[in-house]
Enquirer: 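Below is the structure I would like to discuss, written out as structure tokens.
Keep in mind that this is a model prediction, so the values were computed, not measured.
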Amino acid sequence: GLCGELGEVAEALPLLVALGLDEISAPANRIAAIKRQIRLLDAACCKKMLDQVISCATREDVLSTLRTGTAVPGKIPMM
């Protein structure tokens with residue numbers, strides 16, 4: 001599980017799912033939106049994105065990967 005502000009960050013959700021987190025703490029007014037976003041994610045795409053992020057050397061590389069990758073098949077990148 002995760003308790004903290006990172007659970008609200010849409011771009012981080014695929015990474016959290018790929019890491020196997022199944023409990024994410026969030027403010028009550030954001031729970032429905034976060035659940036909707038998670039339901040759209042594809043586990044294989046999340047894992048692929050996590051593997052790409054893990055190989056990044058810098059913060060800028062991570063952000064670039066999040067901008068250009070997608071964890072939702074047929075959808076636009078996360079950022």
Side-chain angles (χ1 to χ4, degrees):
L2 172 77
C3 182
E5 294 179 14
L6 186 60
E8 292 185 68
V9 180
E11 296 83 6
L13 291 175
L15 306 179
L16 300 176
V17 168
L19 288 168
L21 294 174
D22 58 3
E23 295 179 13
I24 298 173
S25 177
N29 65 337
R30 294 277 301 133
I31 291 173
I34 291 168
K35 280 184 169 184
R36 279 192 300 274
Q37 291 172 320
I38 290 174
R39 282 189 201 109
L40 295 174
L41 298 176
D42 176 82
C45 292
C46 290
K47 176 68 172 126
K48 182 178 176 183
M49 184 180 284
L50 178 62
D51 291 342
Q52 291 171 343
V53 166
I54 288 172
S55 69
C56 291
T58 66
R59 178 182 185 274
E60 291 75 23
D61 292 343
V62 169
L63 294 174
S64 176
T65 299
L66 293 174
R67 281 187 206 103
T68 59
T70 180
V72 181
K75 299 290 182 181
I76 59 173
M78 298 302 295
M79 294 178 74

Enquirer: I need the Asp22 CG to Leu16 CG distance, nearest 0.5 Å.
Expert: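 It is 11.5 Å, given to the nearest 0.5 Å.
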Enquirer: Taking all non-hydrogen atoms of both residues, which atom of Thr65 and which atom of Met49 are closest, and how far apart?
Expert: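 Between these two residues, the closest heavy atoms are CG2-O, 4.5 Å.
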Enquirer: Between CD1 of Ile24 and CZ of Arg30, what distance do you get to the nearest 0.5 Å?
Expert: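 Here the interatomic distance stands at 11.5 Å.
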Enquirer: I need the Leu15 CG to Asp51 CG distance, nearest 0.5 Å.
Expert: 10.5 Å
Enquirer: Can you tell me how far CD of Glu8 sits from CD1 of Ile34, rounded to the nearest 0.5 angstrom?
Expert: 6.0 Å
Enquirer: Are Leu2 and Ile31 connected, step by step, through hydrophobic side chains (Ile, Leu, Val, Met, Phe, Trp, Tyr) whose heavy atoms are closer than 4.5 Å?
Expert: no
Enquirer: To the nearest 0.5 Å, tell me how far Arg59 CZ sits from Asp61 CG.
Expert: 11.5 Å
Enquirer: Where do Gln37 and Leu13 come nearest, in terms of heavy atoms and distance?
Expert: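 So the minimum-distance heavy-atom pair works out to OE1-CD1, 3.3 Å.
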Enquirer: For the residue pair Ser25 and Cys3, what are the closest heavy atoms and their distance?
Expert: CB-CA, 3.7 Å
Enquirer: On a heavy-atom basis, which atom in Pro14 and which in Cys46 lie closest, and how many Å separate them?
Expert: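 Pro14 and Cys46 have their closest heavy atoms at O-CB, 3.3 Å.
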Enquirer: Taking atom CG of Leu19 and atom NZ of Lys47, what is their separation to the nearest 0.5 Å?
Expert: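 Here the interatomic distance stands at 8.5 Å.
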